[in-house]
Amino acid sequence: MKLIVAVCEDWGIGAKGDQPFYIPEDLQRFKSMTMGKVVVMGRVTLAALPKGPLKGRVNVVLTRDADFAAGGAVVCNSLQGLMQCLSQYDAENIFVIGGQQIYELLLDYCDTAYVTKIFATVPTDRGFPNLDAMGNWQLHSQSEIKGHQGLKFCYCEYKNNAPYSK
Ligand SMILES: NC(=O)c1ccc[n+]([C@@H]2O[C@H](COP(=O)([O-])OP(=O)(O)OC[C@H]3O[C@@H](n4cnc5c(N)ncnc54)[C@H](OP(=O)(O)O)[C@@H]3O)[C@@H](O)[C@H]2O)c1
């Protein structure tokens, strides 16, 4: 299982239910990396998707609400239920896409983290664990610094040397 996230310099990822930045090149990369794959998200992140579940992907949504339904999405009500659901897919094709609660829940199950680092800090109310401070996560590769309308960013890939198996 892998995760994909965009973080600010302080590892902030969200504010008031939305993402702090939208960088077209990063969105395109997210789309091409997840297309045809399984994306796992929390109910709050699903609510922020302007067009609902992501097209061309198996959308798996976590909520404790047993009556929750979202057209086109598979709904799981617990970590155990999620793992049961995900067992039918190749772990290589599963991407955790947020938000904070779901990243925290599944971080230890992920072997790879694709982190877009945005070199800016804005007020956020949702964050992601600082992988640079976690002994089991190592920076594997980092792209050159890119730019969009004055905003600098780069793509980092981290590897977890001790992921849980699902
Ligand atoms: N920068 C990025 O790359 C990125 C990516 C994605 C999201 N975000 C941001 O992150 C923020 C959302 O994060 P969030 O932490 O507030 O919400 P979230 O992780 O998207 O969803 C949280 C919800 O997931 C459900 N949930 C959590 N643990 C569960 C469990 N063990 N079993 C069943 N359901 C469970 C609950 O739904 P119920 O309340 O329905 O029970 C909970 O309210 C937004 O600001 C969003 O824009 C940023």
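Here the structure is a predicted model, which is why all the values come from computation and not from measurement. Read the numbers this way: they start at 1 and go in the same order the structure lists the ligands and their atoms.
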* Go through ligand 1 atom by atom and flag the ones less than 4.0 Å from a non-hydrogen atom of Gly42. => 18 (P), 20 (O), 21 (O), 24 (O)
* If you have a sec, work out which protein heavy atom is nearest atom 39 (O) of ligand 1 and how many Å separate them, to one decimal? => Arg43 NH2, 2.7 Å
* Asked: Between the candidates Arg126, Met41, Arg64, Gln101, which shows the shortest non-hydrogen contact distance to atom 22 (C) of ligand 1?
  -> Gln101
* What protein heavy atom is closest to atom 7 (C) of ligand 1, reported as residue, atom name and distance in Å? -> Thr45 OG1, 3.3 Å
* Go through ligand 1 atom by atom and flag the ones less than 4.0 Å from a non-hydrogen atom of Gln100. => 13 (O), 14 (P), 15 (O), 19 (O)
* To do: Kindly say whether Lys55 contributes a backbone atom to a donor-acceptor pair with the side chain of Arg57 at under 3.5 angstrom?
  => yes
* To do: May I ask you to check whether Asp18 has an N/O atom sitting below 3.5 Å from an N/O atom of ligand 1?
  => yes
* So, does Asn59 use its side chain to make a donor-acceptor pair with the main chain of Leu54 at under 3.5 Å? -> yes
* To do: Show the numbers, then the answer: is there a side chain to side chain donor-acceptor pair (under 3.5 Å) between Asn160 and Tyr109?
  => CA-CA 9 Å; Asn160 182 359; Tyr109 294 90; over 6 Å; no
* Asked: When you measure from the side chain of Gln138 to the backbone N and O of Gly135, does any donor-acceptor pair fall under 3.5 Å?
  -> yes
* Asked: Does Glu9 pair with Lys117 as a salt bridge, N-O distance under 4.0 Å?
  -> no
* Minimum-distance protein heavy atom relative to atom 17 (O) of ligand 1 -> Val44 CB, 3.3 Å
* Do any N/O atoms on Ala6 end up under 3.5 angstrom from N/O atoms on ligand 1? -> yes
* Asked: Hey, what's the ring geometry for Phe128 with Tyr103, parallel, tilted or perpendicular (30° and 60° as the breaks)?
  -> perpendicular
* To do: Say whether Ala48, considering both its backbone and side-chain N or O atoms, lies within less than 3.5 Å of an N or O atom on ligand 1.
  => no
* Structure fact -> Among non-hydrogen protein atoms, atom 37 (O) of ligand 1 lies closest to Thr63 CA, 3.6 Å
* Ligand-residue contact atoms, ligand 1 with Gly14, heavy atoms, under 4.0 Å -> 45 (O)
* **Heavy-atom proximity to atom 9 (C) of ligand 1, best of Ile13, Leu62, Asn77, Ile97** => Ile13
* Closer than 4.0 angstrom: is that true for some heavy atom of Phe68 and an atom of ligand 1? -> no
* To the nearest 0.1 Å, how far is atom 18 (P) of ligand 1 from its closest protein heavy atom, and which atom is that? -> Gly99 N, 3.5 Å
* Shortest non-hydrogen contact from Cys8 to Pro20? -> SG-CG, 3.9 Å
* Asked: Mind checking whether Met83 and Leu106 have side chains closer than 4.5 Å, heavy atoms only?
  -> yes
* Asked: Can you tell me if Gly81 has a non-hydrogen atom under 4.0 Å from ligand 1?
  -> no
* Asked: Which atoms of ligand 1 are found less than 4.0 Å from any heavy atom of Ala15?
  -> 45 (O)
* What ring pair (Phe, Tyr, Trp, His ring centres under 6.0 Å) pairs are there with at least one residue in residues 137-156, not counting sequence neighbours? -> Phe153-Tyr155
* Asked: Should the pair Lys159-Asp111 be classified as a salt bridge under the 4.0 Å nitrogen-to-oxygen rule?
  -> no
* Structure fact -> For Gly98, the ligand 1 atoms with a heavy-atom partner under 4.0 Å come out as 6 (C), 20 (O)
* Structure fact -> The closest protein heavy-atom partner of atom 46 (C) of ligand 1 is Gly17 O, 4.0 Å
* Asked: Per the side-chain contact (heavy atoms from CB on, under 4.5 Å) rule, which among Thr63, Leu46, Val60 passes with Val75?
  -> Thr63
